[in-house]
Structure formats: structure tokens, C-alpha cells
Amino acid sequence: MSEEKSLNFIEEIVEEDLKNGKYPFIITRFPPEPNGYLHLGHASSICLNFGLTLKYGGYTNLRFDDTNPVTEETEYVESIKEDVKWLGFEWKNELYASDYFPVLYQYAIQLIKKQLAYVDDSTSEEIAALKGTPTEPGKNSSYRERSVEENLHLFERMKNGEFPDGSKTLRAKIDMAHPNMLMRDPVLYRIKHAHHHRTGDEWCIYPMYDFAHGQSDSIEKVTHSLCTLEFVPHRELYDWLIEQLEIFPSKQYEFARRNLTYTITSKRKLLQLVNEKYVDGWDDPRMTTISGMRRRGYTPESIRDFCDRIGVAKRENLVDMSLLEYCVREHLNKIALRRMAVLDPLKLTITNYPAGQVEEVYSENNPEAENGGGTRAIPFSGSLWIEREDFMEVPAKKWFRLAPGAMVRLKSAYIIKCEDFIKDENGIVTEIKCSYIPESKSGNDTSGIHVKGTIHWISAAHAAQAEVRLYDRLFKVENPADEGDFTSYINTDSLHIISNAYIEPSLKTATAGEKFQFIRKGYFTLDKNSTNNKPVFNRTVTLRDTWAKESKK
RNA sequence: UGGCCUAUAGUAUAAUGGUAGUACGACAGAUUUUGGUUCUGUUUGUCUUGGUUCGAAUCCAGGUAGGCCAACCA
């Protein structure tokens, strides 16, 4: 069991830093901006950051990067905390970049005094115009050479609320001809007379990401500050600010964000789906948000396993959804209780079963568990519901379910033979008539008959009703974020509601979030929309279906 | 006419100058009272051209392809 798993490039850096004594232990942080719900991409980052300190010793902070009051809300803070906890991780400290506003303000004053920052009266258009382009150098702002005293004075007045939004900024004084656009006198502070979710109206100037993130890392003595690839060009500025401020040298390392086929992992786009009502809220089970996946029936274990399997690297990627499905099936197969549910009912009558007779049959709760996870009693009678798709009037090749004259076993009960079937005037089959073999009862079958097919069923008189929600992929194309308007790729058929499925009686006492395998149909969980009269089940994922493949040939 | 990042089966990820491996997928078979699970097998790969070396996926150089950078977003 001691096989060595190879290290990803970040683990290699950490091991090296630990080995040569650069740090006695490591500190990481997970730094979400509270402007949306967490999604699968964040899960990857969470597993990385927390996983690292769990593995190597140290701790991880949860730090909200709340420097832009206009997009941030307490609701998001709460959902983020819930999701991180649910995924199974514990942060050392709950922190906010906004806690550092006073320190950050002092840092800015330090820069001004070192003549490394200045107050600029340019409009954002003017700043953009002087910025140059990636291939042409920018030009100095005419406010660039203000004196230290004047800058200090103006910056204080900015803080005091003497200027309207957008009228002034504090900029770092670096190099307008720098090949890295981010080094061309980046804006450090902007004026926003906006209410902040934590500091209220205390501040009307707010630091930009670049003047908050690295400094927050440094204040917390974060050793390894992990972020995604689009921040690579920011690293130079990150290091420059830390160096000029002469503060703890946190180091930034970048990894590639994960993309998943047939979905999007962009907070902005997910917000759009919510706002434009393509889905029913952030926790819609079709969303790859953590809360959506939780509601859909995914387990934290399966998500962590997925993140572990896809690993961490620096190249562009588009991970196959089938891997995620594999992970959740693997876990659910071990833990989900087996139950029977008929989603598309067809009446079946056993003609030689004593009229009015009811008996109990026993079925194991989980064949993967020890002793089958125990058994439960299921009422059986001569009048049943079966799945419509389990009968074929003209059987296909290799078909081994019900067909005229064919035999199948009713799961955990008897072997039956199809004797006849009834159609209505439209040619729709309305009822199957079968005979059963009394000696074939599960557990003490003395019939000597072997059948290939086993189907699930529900006794009509004992059936409970449920709503079942079947989900399909939200997008029709593998990479909806690739080009064009992603909303044009939305699969308009991603939710199929079955309002009157039949479920076995034991399912009536299911509790929210409980995991089930509806035999032969897939994994399901009880939705929060359930009522006492009508449970609602979400399909997490189907079972692998080799027959579906076979029948397409 | 810039800077930076990246390139290994269909997908994701190893191999850290010395036998190109693993997982998912696909395909075939065995087992099965779930066409599930489990088990076995098969399949497919180092972007390109040079160079260094006894030996290169790995080091070097030039190409090519993809990505990121011109918010008072993060």
C-alpha cells in the first residue's frame, strides 16, 4: 500500500522549500471574492490549497477577497463557507481583505513617501489611452510628477470623501514603457462611494486586487499563494509591491483552471444563467456549482476524488464529464441504498396469482455492503407496475427482458412468463398478462429455471407516488465557453420532470439528501422541494447502460 | 509589431538524461436475481526541424499551434 504517488509541480516546490529549510511549515489560503457561488473549479482550488497543508503540515486560511463593494454580498460569504465545510475542509482563520483596509492605506502612504505612487486626476479613458498597447509603449500621465506632499494631501482627501467616484486614483509609479502592461503604473486605489458588506460606509476608497491580494498574503505570512494562470503577469507586480513595502515575501504560483465538457466554470456566466432564469437559482441541480451538485446528489467524497484524479498542471485542459460521473458512481455504488421505482409505468397482471393475495418479499439494501446491507420487506401482489421500456412486442436482437412468450425474473420475487398483452385503439400497449412460477421465489427457487433478465417492479396497491426529476447536460456542445454566446448552446431539454412515478413504500420515509440507487435506473437523492404528500427525487447520474449502447448498433 | 505561459493516446495526468506508464473513455470477453458492480484482455501517444549525448518526452536552438496581458473586476 506504500506505492508512491507522483507529485504535481506545486508539491515539488513545497517539498523543496521544506527540505532546504525555507519554511518550517506552509501556509496557504483559499481567497474567493464573495460575488457568487463556488463551482467545481473552486473545488479544485480548495482541494489543492487545503490538501497541501493537510499533507505537508501547516494551515489554510479562508480569506474573502472583498475589495469591490459593488458586487459583493453577505449571502455569498455564507454560501462559500457552507460549501467549503461541506467539501470537508476546515480553515484555520476566517479572514477578509477588508480587515486590512487600514494597513493597506498605510502601505499606500509608504509608497507615496518613497515616490513610488502618485495621485492621478485622469479619467479611466485617459488612463487607458496613455497605457499604450501590448506592442506599443504607454506615455506618462501629466500628474505623474506631483510632489510627495501634494500626493499625500490629495490621497488623504480622497480617503476623506472629498472627491466624486472616478475623479482620482492612486497609481504606482513604475514604468509606462514596461513590456508587461500590468507594470505600466497600475491603479492601486479607486474612489467608490459604495456600501461595503462589512465595513459599511467607513471607506470610500478601495484598493485594487493587485494592492490587496499580495499584501493580504504577506500579512498572513502565506508561504505559497496559489492562483490560476491568468494571474501569471500579475506576479511581477505582486513581487514588486512586496519588495518595495519590505514585507513578508509570500510567493505566487499559478496553475491551470479546470474546464469540464458540457458545462461552464465561470462565476460571471453562472450568474448570468441565474439572472436570466435559464436555471432555477445557484443551486439548480444542473449547475456545476458546489451547491447545485450537492442538491443533485453528488457527495463531497466523489468531488474530492475527482479533483484528485484530474490533478494540477499548467496546460489548457478540458476534462471529460465521464470522469466526474465515474467518480460519483463509484462512491454512490458503495453507499446508496437499493430501492425500486418505476418511472414510466406499464400495468402487469399475474393471471395465476391468487386474487387479492399479498406477500412480502425481501431484497438486499446494498449488494456492495457486508451481508448485502441487510434486507427490507417489499409487498408483492398479482397486480404490478413495471417499466414500459422493459417490454418489447417485437424483441430486438439480444433482448432479454419481457416479450411475448419470454421469461424474466421480477427482482427479489418470482420468474414470470409473458402470456399476452393488451393494446388500446392507438396501438399503445396498456397491459401485460403473465403467469408466474410459484417454485421460483427468490431465496428458495426450486424451479431449476434460469432466465437472463431481471426487472424491477412495484405492487400497484402498495405503490407510493413521487415526482422524479431527470437531468441532462445543460449545454449541447462540449465547450460552450469556447466561442460565441454561450447561452445559444443551452440544452433546452436539460430537465425532464416525471410527476407521477411509482416508488416502493419504504421510500416514503426518505430524508433530504439521502442517497439511493433506483435499481437499473440510476442514483437519486431526495430534493429539498419534497413535501410530505409528494417526495421529489433528483437523478444524480444514470447507471452505466451497456444495453443502451448495444441497442444502438 | 511586444511580453509571458503551455504542448505526452479521444480526455486528464506520470515518467525529473536510461524499458513511454496510470486512470477515464472506447472495444471484446467472464461473472452477475440490477444489461449495475466486479474481473480479464485489446486499442490508441511524446507538435515539428535541427543540435548536444553512448542514449532525449526530458537539455539547447529555430519553427508551429494554443492560451494570457491594453477594467478605476478579481
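FYI, side chains are in, hydrogens and waters are out, and symmetry mates aren't considered; it's all heavy atoms of this structure. We name chains A, B, ... by the order of the sequence lines, and we start the count at 1 in each one.
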Give one of base, sugar-phosphate or nothing for [X], where a contact means two heavy atoms less than 4.0 Å apart.
| X | answer |
| --- | --- |
| A:S122 | base |
| A:P32 | nothing |
| A:G311 | nothing |
| A:F400 | base |
| A:E550 | nothing |
| A:N180 | nothing |
| A:K267 | nothing |
| A:R409 | base |
| A:I519 | base |
| A:E316 | sugar-phosphate |
| A:R315 | base |
| A:Y189 | nothing |
| A:D445 | nothing |
| A:H178 | nothing |

If you measure from the [atom1] atom in [N] to the same atom in [M], how many Å do you get, rounded?
| N | M | atom1 | value |
| --- | --- | --- | --- |
| B:rA70 | B:rU64 | C1' | 26 Å |
| B:rC47 | B:rU38 | P | 33 Å |
| B:rA14 | B:rA7 | C1' | 16 Å |
| B:rC60 | B:rG66 | P | 24 Å |
| B:rU37 | B:rC27 | P | 14 Å |
| B:rU48 | B:rU6 | C1' | 16 Å |
| B:rG10 | B:rA26 | C1' | 9 Å |
| B:rG51 | B:rG17 | C1' | 15 Å |

Which base, if any, makes a Watson-Crick or G-U wobble pair with [N], both distances under 3.5 Å?
| N | result |
| --- | --- |
| B:rC68 | B:rG3 |
| B:rA56 | none |
| B:rA26 | B:rU42 |

> For the residue pair A:M176 and A:L130, what are the closest heavy atoms and their distance?
Replying inline: CE-O, 3.3 Å
> RNA chain B: A:S412 or A:R268, which has the more 5' nearest nucleotide?
Replying inline: A:S412
> Where each residue is assigned the nucleotide of RNA chain B containing its nearest heavy atom, which of A:L410 and A:V232 is assigned the position nearer the 5′ end?
Replying inline: A:V232
> According to the interplanar angle, ranging from 0 to 90°, do the rings of A:W203 and A:F101 count as parallel (below 30°), tilted (30 to 60°) or perpendicular (above 60°)?
Replying inline: perpendicular
> Using the ring of each side chain (for Trp, its six-membered ring), is A:W282 parallel, tilted or perpendicular to A:Y76, with breaks at 30° and 60°?
Replying inline: perpendicular
> From the list B:rG36, B:rC5, B:rC68, which nucleotide is the closest neighbour of the side chain of A:K314?
Replying inline: B:rC5
> If we require ring centres under 5.5 Å and near-parallel planes under 30°, does A:Y209 stack on B:rA74?
Replying inline: no
> With no hydrogens and no angle check, is any side-chain donor or acceptor of A:R184 less than 3.5 Å from a backbone partner on A:K139?
Replying inline: no
> Should A:E364 and A:R376 be marked as a salt bridge (Lys or Arg N to Asp or Glu O under 4.0 Å) after you check the CA-CA gap, both sets of side-chain angles, and the distance that decides it?
Replying inline: CA-CA 7 Å; A:E364 53 189 7; A:R376 68 191 183 284; over 6 Å; no
>> Checking one value: the base orientation of B:rA28, syn if chi is within 90 degrees of 0, otherwise anti.
In response: anti
>> Pair A:K55, A:E11 - check salt bridge (Lys or Arg N to Asp or Glu O under 4.0 Å), show working.
In response: CA-CA 10 Å; A:K55 179 173 179 181; A:E11 290 172 322; 3.1 Å; yes
